[in-house]
Amino acid sequence: MQDNLAIGILCVLGGGIGAQWVAWRFRLPAIVLLFGLGLVYGPGLGLLHPSAAIGRYFHPIVSLAVAFIVFEGGLALDFRQWRASGEGVLRLTAVALPINWVLGALAAHFVGHLHWGASWLFGAIIVVTGPTVVLPLLRHTKLRPRVAAFLRWEAILNDPVGAILATLVLEILVIQGNRHSGMFMVEIVPHLLFSTMMAIGFGVFPAILVRFLSARDLVPEILRIPIILTLAMSVFSVCNFFMEGAGLMAATVFGMALTNMHVTGMSELRRIKESLGVLVVSCLFVMLTADLHRDVLERLSLPIVAMTLTVLFVVRPLGILLSTIRSDLSWQERLFVGWIAPRGIVAAAVAGVAGLQLGEAGYPSADLVMPGVFALIATTMILHGFSLRPVARILRLTLSDEPALAIVGASAWSTDLAGALHRLGCPVVLVDTYAGALAPAARAGIPTLKAELLSDEGLESLEERPADYLIAATPDAIYNGLVCARLAPDFGRQRVFQVSPGVARLDLYRGLSRDSRGKVLGDPAWNFTLIDTLFERGWRFRSLPFGSDVPRDPAGTDGNRLNIMTIRRGTAMWIRSVEDEAPVEPVSGDIIIAMTPPEGAIAS
């Protein structure tokens, strides 16, 4: 027993996180790797069968994990972003959903040869585009903000709504099979309305409670996040007791309410929930895929394959086309959203339970609901996972794949550094709170952003022009450290840099803590005053192609130049720091950005 448990934990946790790392390292869709890993563990080698090992607690555990995922998604749904793309989001949730339901049911009946009862249930299940699949894909693709908002809002909002729709369809079919159709208006409709209102209330009230307790300092910081996570799981469990699917809605509303009420201290929760989200999604996908029986795979037939292709190439695109008529969406956005619609965990979980109950009610072809949904999940994850980036690039809905840099602080020399990168064709944005400081860069055509990056608005503005690296280059070392510490969880601690605060302040024990600042830009002696003084003496930033004509001094220690970074086009940029444990050696074809003295001048 202990050996089986150890093997299971190793396969799920070790394999899942390993797949996530491989996906990050080689820029692959993590969901596809997790899905394939589960197939190998379960139907392939027979190493894992989670539902048999865990027993009757398997589905409740899966449900709680899904509730956490939709709660995490709800935290990302800020109504201020909805106002920027509200019409498209509203059409994708309120209009496209019923259209996709009807079209999906027609495809199941006429193409998949399912009977009408199973067809209506199948159509209800496949309207969801799971956040467990969409959100990880968005993290690895630099989509334009509006398109990313469309997919994110649709996935998170449709998930609970689709689960409730499938539950409602199942109840109607079971009642009709028992010849008690009069119960629909007497019991089901009032029950649906009550459950929906209860889910909204149970989602909003705990958020108000958290805000009240936080504002009055009635919750210690160490308990704030545990209390919020406990409330999220509790509202899910209570609402699900009254109606299956209502708990997902309550968890989503709770997350949305916390975000839009601007409860203090939410930044720590966002960081923790993102890490937990990766862990939960990895485990869930491996477990659910490994739990598939081989007989499900054996029931995949030619009509089910044809039905899957019809949903992919007819149902979804036609539903999006009809729901976005006379909208402000461009044809590229409509085509892209019509193609990208991966299904995930909620669809699999609902299909497994609902298909079984429909079969017990005596409906023919109910046993084909699960294979049909599985085929759609597998196909959409593979096709959409691998095609999202190239299709978005073809439709010009992505930002540049070149490594991008944000420079905070618009001084004369930082503007010159931004100009050198801009002339080279590297994406760069110069950020400052003072419009006058940004004016020279704006006149030179360098992208600028007037924002305070320590504010929520400033962070949202920076997200619209995603950067991969950041240099804090203001004269204030403490402010530079605050900016780096705030953005390090988003960029990565090895990708945020700041101008040296001075040699004396870099002592790791008595000086500025490494967790409270960025990596030092260059050498400890390269503080703001030194670089500013060199600029006044005529030193300027230049791009130097690395090769035989460039002195092989990657560190720039010969006194005739300060090498700031090395750029490998289309791959990465390496910003030099004395804190680098393994400095990058330039190779032929790389470009060095260095500060050099005027022609003919001798460095002092």
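Note that the structure is predicted; figures quoted are calculated from it, not measured.
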- request: Return yes if some donor-acceptor pair links the side-chain N/O of N527 with the main-chain N/O of L530 below 3.5 Å, else return no.
  value: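 Yes, the answer is positive, given that a donor and an acceptor are paired below the 3.5 Å cut-off.
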task: Could you tell me whether a side-chain N or O of N563 sits under 3.5 Å from a main-chain N or O of A594, the two making a donor and an acceptor?
output: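 No; judged by distance alone, with no hydrogens or angles, the pair does not exist.
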For a 4.5 angstrom cut-off between non-hydrogen side-chain atoms, does [X] reach [Y]?
| X | Y | value |
| --- | --- | --- |
| F535 | L417 | no |
| V496 | R517 | no |
| D580 | K519 | yes |
| L397 | E333 | yes |
| S282 | L34 | yes |
| S414 | L430 | yes |
| L562 | F541 | no |
| I340 | V391 | no |

V204 vs M261, side chain to side chain contact (heavy atoms under 4.5 Å, CB included): CA-CA, chis, key distance, verdict: CA-CA 10 Å; V204 172; M261 288 180 183; 4.1 Å; yes
To the nearest 0.5 Å, what is the distance between [atom1] ([X]) and [atom2] ([Y])?
| X | Y | atom1 | atom2 | value |
| --- | --- | --- | --- | --- |
| L383 | L388 | CG | CG | 12.0 Å |
| D490 | R495 | CG | CZ | 12.5 Å |
| L335 | L329 | CG | CG | 11.5 Å |
| F254 | I208 | CZ | CD1 | 11.0 Å |
| M565 | I592 | CE | CD1 | 12.0 Å |
| D432 | S411 | CG | OG | 9.0 Å |

Measure across [X] and [Y] and return the closest heavy-atom pair with its distance rounded to 0.1 Å.
| X | Y | answer |
| --- | --- | --- |
| F35 | M381 | CD1-CE, 2.7 Å |
| P524 | S500 | O-OG, 2.5 Å |
| I17 | L279 | CD1-CD1, 3.8 Å |
| G481 | Q498 | CA-OE1, 3.4 Å |
| N480 | A473 | OD1-N, 3.9 Å |
| E452 | T433 | OE1-CG2, 3.7 Å |

task: Carefully, step by step, assess V253 and V235 under the rule side chain to side chain contact (heavy atoms under 4.5 Å, CB included).
output: CA-CA 10 Å; V253 172; V235 299; over 6 Å; no
query: Taking only residues at least two apart or on different chains, which pairs with a member in residues 411-432 satisfy ring pair (Phe, Tyr, Trp, His ring centres under 6.0 Å)?
result: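 Ring pair (Phe, Tyr, Trp, His ring centres under 6.0 Å) check on residues 411-432 returns W413-F528.
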Salt bridge (charged side-chain N to carboxylate O under 4.0 Å, His left out) partners for D532, two or more places apart: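 D532: no salt bridge (charged side-chain N to carboxylate O under 4.0 Å, His left out) contacts found.
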message: Determine whether T533 and T529 satisfy the following criterion, side chain to side chain contact (heavy atoms under 4.5 Å, CB included), listing intermediate values before the conclusion.
response: CA-CA 6 Å; T533 301; T529 302; 4.1 Å; yes
query: Quick check, are the ring centers of F497 and Y469 under 6.0 angstrom apart?
result: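 That pair fails the under 6.0 Å test.
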task: Evaluate whether atom CG of L218 has more than 12 neighbouring non-hydrogen atoms of other residues, nucleotides or ligands under 6.0 angstrom away.
output: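 Correct, the count exceeds 12.
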- prompt: Is the count of non-hydrogen atoms from other residues, nucleotides or ligands lying under 6.0 Å from R540 atom CZ greater than 12?
  reply: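 Above 12, so yes.
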- prompt: When you look at S543 and R423, which way does the side-chain hydrogen bond (donor to acceptor under 3.5 Å, both in side chains) test go after all the steps?
  reply: CA-CA 9 Å; S543 57; R423 290 189 296 273; over 6 Å; no
Pair R486-L453, side chain to side chain contact (heavy atoms under 4.5 Å, CB included): steps then yes or no: CA-CA 9 Å; R486 178 74 183 273; L453 292 189; over 6 Å; no
Mind listing the side-chain donor-acceptor pairs of residues 441-450 below 3.5 Å, one per line with the distance, residues two or more places apart or on another chain?
none

